[in-house]
Amino acid sequence: MTEYTAQELMACVAARELRDGEVVFVGIGLPNLACNLARRTHAPGLVLIYESGAVGAVPERLPVSIGDPALVAGAALVCGMADAFQGLLQNGRIEVGFLGAAQIDRWGNVNTTVIGDYARPRVRLPGSGGAAEIATHARRTLLVATLSPRAFPAEVDFITSPGHRCHGRSRRELGLPGAGPVKVITELAVLAPDDDGELVLAALYPGRSAEEVRARVGWPLRALPRVETVEPPTAEQLRLLREELDPDHLFLGRGAA
Amino acid sequence: MTEYTAQELMACVAARELRDGEVVFVGIGLPNLACNLARRTHAPGLVLIYESGAVGAVPERLPVSIGDPALVAGAALVCGMADAFQGLLQNGRIEVGFLGAAQIDRWGNVNTTVIGDYARPRVRLPGSGGAAEIATHARRTLLVATLSPRAFPAEVDFITSPGHRCHGRSRRELGLPGAGPVKVITELAVLAPDDDGELVLAALYPGRSAEEVRARVGWPLRALPRVETVEPPTAEQLRLLREELDPDHLFLGRGAA
Amino acid sequence: MPAASKVTDLRTAVAELVRDGDSVLIEGFTHLICFAAGHEIIRQRRRDLTLCRLTPDLVYDQMLAAGCARKLVFSWAGNPGAGSLHAFRRACEAQPPTLELEEYSHFGMVARLCAGAAGLPFWPLRGYAGTDLPRVNPQIRTVDCPFTGERLAAVPALRPDVAILHAQRADARGNTQIWGLLGMQREAALAASRVLVVVEELVNETVIRADPNRTAIPDLAVDAVVVEPWGAHPSFVQGYYDRDNDFYVAWEAISRDPQALSRWLDEWVYGVRDRGEYMARQPELKERLRADWRPSGEVNYGY
Amino acid sequence: MPAASKVTDLRTAVAELVRDGDSVLIEGFTHLICFAAGHEIIRQRRRDLTLCRLTPDLVYDQMLAAGCARKLVFSWAGNPGAGSLHAFRRACEAQPPTLELEEYSHFGMVARLCAGAAGLPFWPLRGYAGTDLPRVNPQIRTVDCPFTGERLAAVPALRPDVAILHAQRADARGNTQIWGLLGMQREAALAASRVLVVVEELVNETVIRADPNRTAIPDLAVDAVVVEPWGAHPSFVQGYYDRDNDFYVAWEAISRDPQALSRWLDEWVYGVRDRGEYMARQPELKERLRADWRPSGEVNYGY
């Protein structure tokens, strides 16, 4: 049986969420890796858009930032950021928004701003960047994060990017155009919102248990009636990830799962 | 004594209103001719901007429209119209706006929309184009028109572009950033606003009388305490106009004044 | 990337994308006005269109004369540098007028397309104060700045059913490059529900991707690509052909006389199958108007 | 056209254009970040600056560490792809914090610069609903659409005292061309009161005028032009040099240790006269980072 790291499986799970021909607003790191994996396997027509203004990018090397010159050379279009945010994102042209997160709560709200009080933070995080409006406008959002009780509290310290319910108000009440986070991909399992927008256990990685996940989540995590088991990576997916997409293991990690 | 047409003199008078290094939003026809005459004589650093988005144009031939390809080739910058209207005009970067007019009234209001009632026009004119906002934002405006009681009524049938007083309200009360029309250049004389913004006789062309002008203006035209006499064109100005700038006499006319 | 070609012919594209009653925007500011598409719409006898354009130009004068439109949304309706649009004027000066007007300044139309392209319901601008335009167009309103309290003008988003945009070149998926006057082509493509791009040349994707800053319209906004050389005549295409000023001047006399206009439509629109035949009947045009060579130079996208 | 050259050296330009207490915007989204100017501002010991940028990046981490700023206006303060900006974090996590923050999302900062560049007091956007950002930043407000009644977000214009913009090339009058990622360079130039353009290459006006669509910033917005090759290192300039990712990674350790950071400033900022000396001390950079050749191809502007 092939061995793989948790990051490798996360990349494969994320890639499978993308359909051929879709338009994706891509964050750097694992989201970028997953998009390029999808493009090289089942979704060759995936259109990658970066908030830096690169549209239809076909990076020859793994970009280390969302403004990598490899995203520009060979892109179909490179525009200013006003056009990227207004003409593409706000104008409803983005099907999938793909975001990393430091903290995610029960309702899929994301915090990338501060741990602790905003005025006197214990940890100052980078802030929103493009995330707040990606989470607002993309027709659906995929989140990627590592499980831990601190990373998955019942309520985030600060709502940087809206999930399904913010301070008691639903996306509909808030007038948010997109559907919000439809999948939260972690290193043990996949969470998804139930009909009320509360995140529940949707799928487990091979060999993982619901209890392992619950121990790392800060609210009483419910589960879908039927929890799926995630398919392990194929040999071809692993080969692409290791040999072509991230040969220096910048984002994949080195230990086996 | 050199003979010249009224249009030739108008072009020279208009050119003299432009100072070296100024940024001018140019209309087509006589304004364009005057700007290029100024650029070839006393104002080589005049920056010509056209609402089509051509900035720093150096047309090799007389443009027949504000979107002539000769305005593009060799320009310093060509941008979209949103940038031209927002980033340059509305952002206060334009020193001189140069407009033609079908009707001009006592307060320097311009009508290029309709003669008669808007809903049932006797004559339908082209409309505003860029004029309404050029007259709003340019730090000062120059108007060019041919005198007649119909063209210079006490009140225009429709205010397309604001002058010094619109339906009783001053530019200041209306919050208009620019100074409005500072000169109205006609084929017999130059009008200018007095302190209240009413157009008065400011300068006469050689051999012309105030009475000739008054007979062609639809309100009791007052005059400045000292009415200047306009300098006739120089031989060099005439040579440039006739041989280089408008060799086909598209805008200059053919009869002598 | 898969082929996913959107290339089709103009007759098919107009038949599929332009419907009776649609709001139609054939943009292009003096440059890149798609007369070929206007003529095809006339030939297919579309009716009750709301025609939108900053400058109706000859193309809408022709479509008005042919009876395609019930309403015009515009900001300057003249024959640039040559006189009037007489079909337009006749419709406006008839008692009662036979054409509904919705009139702005250029900046107002620009702002409406900016809003449409940005997915916003309105756009603020500093304009219209003192003018009579808001008195005759209730769509010109005001909005107060939430910071300074200043009262600004506001216009609603323009989101036409169809935009038809001429350009120099595109790839088969619809990534479209424009140079020279850009007008509002990009905003129009992003604002419209359906988008037809008509180009002088179809090029390989590698040509587009060699200079991605030159791409004005992304493929994701494009429904169909039609290759129609000289499709913008008598307007112009920088780098391909010059403006046919003689025709603009000639239109003054043609359009002034309704019968002459009708004969012109019979000969040059109804009487030809397509743009190919239109051009074949006037072979001297290519000789007279073909562009000279003024190269841009090239830049390096390496890293 | 007269020469009217605005070319000067960086020391003179910073001395004349950047004053204590100014709001300063060194823009460039990962691309074209003018580290050379940031270092010169540190060397000239400017104080009490309000530093504005979407992504403070290493350049503002360095300026914060050097004590230049009292306030930061921003939207994402990380070390892209490599970790944290530790001088920034220390200032924020101190009890009490030693740096005033005014924080937006990227789109909010983009909108603020759009308003500044358009001469409007505010800009509307659909954003911030549900987030906590408006609770901590009273400059994020709302505006109601005068057509649909919909409540939108609004942010105020950003009009910095000085903008410093790196670019590939300009002519002596300041007509500036950029390709690759455009970021907000054009809007920043139009929004600021004073504008300094720093370029890799000074070119003849004819090079600019051969491809006027490539010009991002018109000379009328530019106060000074400085030619400073490699002035954006460790960020990158498409067509000139690659991003120095090794340095971005190394910054994690340097900035984490205040003494290491102080030593770094002594060696690489205070300890060099100018960017020429900075580059002369690390001759291997040019070898490692110089761009390969990926030509854009050229187009025809003829008519």
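Below, chains carry the letters A, B, ... as their sequence lines are ordered, and counting in each starts from 1. Both backbone and side-chain heavy atoms feed into the values below; hydrogens, waters and symmetry mates do not.
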Colleague: What residue in C/F88, C/W76, C/W179 has the most heavy-atom pairs under 4.5 Å with chain B?
Modeller: C/W76
Colleague: Chain B heavy atoms under 4.5 Å from C/R135: which part of the residue, side chain, backbone, both or neither?
Modeller: side chain
Colleague: For chain B, find which of C/A111, C/G78, C/S75 contributes the most heavy-atom pairs closer than 4.5 angstrom.
Modeller: C/S75
Colleague: Flag the one option from C/T55, C/N245, C/L113 with the top tally of heavy-atom pairs under 4.5 Å to chain B.
Modeller: C/N245
Colleague: When rounded to the nearest 0.5 angstrom, what is the spacing between NE2 in C/H106 and CE in B/M81?
Modeller: 5.0 Å
Colleague: Which one wins on heavy-atom pair count under 4.5 Å against chain B: C/M184, C/Q95, C/H31?
Modeller: C/Q95
Colleague: What part of C/L54 is in contact with chain B, defined as an atom under 4.5 angstrom from a non-hydrogen atom: side chain, backbone, both or neither?
Modeller: side chain
Colleague: Give, as side chain, backbone, both or neither, the part of C/Y128 having an atom under 4.5 angstrom from any heavy atom of chain B.
Modeller: both
Colleague: Shorter than 4.5 Å, heavy atoms on both sides: which option in C/A77, C/G108, C/G127 has the most such pairs with chain B?
Modeller: C/A77
Colleague: Go through the atoms of C/E187 and report whether side chain, backbone, both or neither lie under 4.5 Å from a heavy atom of chain B.
Modeller: side chain
Colleague: Heavy-atom distances under 4.5 Å only: say whether B/N111 touches chain C with side chain, backbone, both or neither.
Modeller: neither
Colleague: Over all heavy atoms of both residues, which pair between C/C114 and B/A82 is shortest? Give the atoms and the distance, please.
Modeller: SG-CB, 3.6 Å
Colleague: Can C/L181 and B/V78 be said to form a side-chain contact (heavy atoms from CB on, under 4.5 Å), step by step?
Modeller: CA-CA 7 Å; C/L181 299 177; B/V78 174; 4.1 Å; yes
Colleague: If I measure from the heavy atoms of chain C, does B/A135 come under 4.5 Å with its side chain, its backbone, both, or neither?
Modeller: neither
Colleague: Against chain C, label B/L174 side chain, backbone, both or neither, depending on which of its atoms sit under 4.5 Å from a heavy atom there.
Modeller: both
Colleague: Around atom CZ of B/R61, are there more than 12 heavy atoms of other residues, nucleotides or ligands at under 6.0 Å?
Modeller: yes
Colleague: B/Y118 and side-chain contact (heavy atoms from CB on, under 4.5 Å): which partner among C/N137, C/L101, C/D132?
Modeller: C/L101
Colleague: Just checking, is any N or O donor in the side chain of B/Q86 or C/W123 under 3.5 Å from an acceptor N or O on the other one?
Modeller: yes
Colleague: Does any backbone or side-chain atom of C/C92 lie under 4.5 Å from a heavy atom of chain B? Answer side chain, backbone, both or neither.
Modeller: both
Colleague: B/V114 versus chain C, heavy atoms under 4.5 Å apart: side chain, backbone, both or neither?
Modeller: neither
Colleague: Below 4.5 Å from any heavy atom of chain C, which atoms of B/A132 appear? Answer side chain, backbone, both or neither.
Modeller: side chain
Colleague: At a heavy-atom separation under 4.5 Å, does B/P177 approach chain C through its side chain, its backbone, both, or neither?
Modeller: side chain
Colleague: Could you go step by step and tell me if C/R126 and B/L176 meet the side-chain contact (heavy atoms from CB on, under 4.5 Å) rule?
Modeller: CA-CA 9 Å; C/R126 203 180 265 112; B/L176 301 176; over 6 Å; no
Colleague: Mind listing the closest non-hydrogen atom pair of C/Q238 and B/P69 along with its distance?
Modeller: NE2-O, 3.3 Å
Colleague: Quick one, C/T30 with B/S52, criterion side-chain contact (heavy atoms from CB on, under 4.5 Å). Give me CA distance, side-chain angles, the key distance, then yes/no.
Modeller: CA-CA 8 Å; C/T30 76; B/S52 53; 5.5 Å; no
Colleague: Would you say C/R151 has more than 12 foreign heavy atoms packed within less than 6.0 Å of its CZ?
Modeller: no
Colleague: Sort B/R122 into side chain, backbone, both or neither according to what part of it lies under 4.5 angstrom from a heavy atom of chain C.
Modeller: backbone
Colleague: Should we say atom CD of B/E244 is surrounded by more than 12 heavy atoms from elsewhere, each under 6.0 Å from it?
Modeller: yes
Colleague: Enter the distance from C/T131:OG1 to B/F158:CZ here, rounded to the nearest 0.5 Å.
Modeller: 6.5 Å
Colleague: Non-hydrogen atoms of chain C under 4.5 Å away: do they reach the side chain of B/R169, the backbone, both or neither?
Modeller: neither
Colleague: Taking every non-hydrogen pair under 4.5 Å, which of B/R165, B/R171, B/E60, B/E173 racks up the most with chain C?
Modeller: B/E60
Colleague: Locate the shortest heavy-atom distance separating B/S128 from C/E103; write the atom from each residue and the value.
Modeller: N-OE2, 4.5 Å
Colleague: According to the interplanar angle, ranging from 0 to 90°, do the rings of C/F107 and B/F85 count as parallel (below 30°), tilted (30 to 60°) or perpendicular (above 60°)?
Modeller: parallel
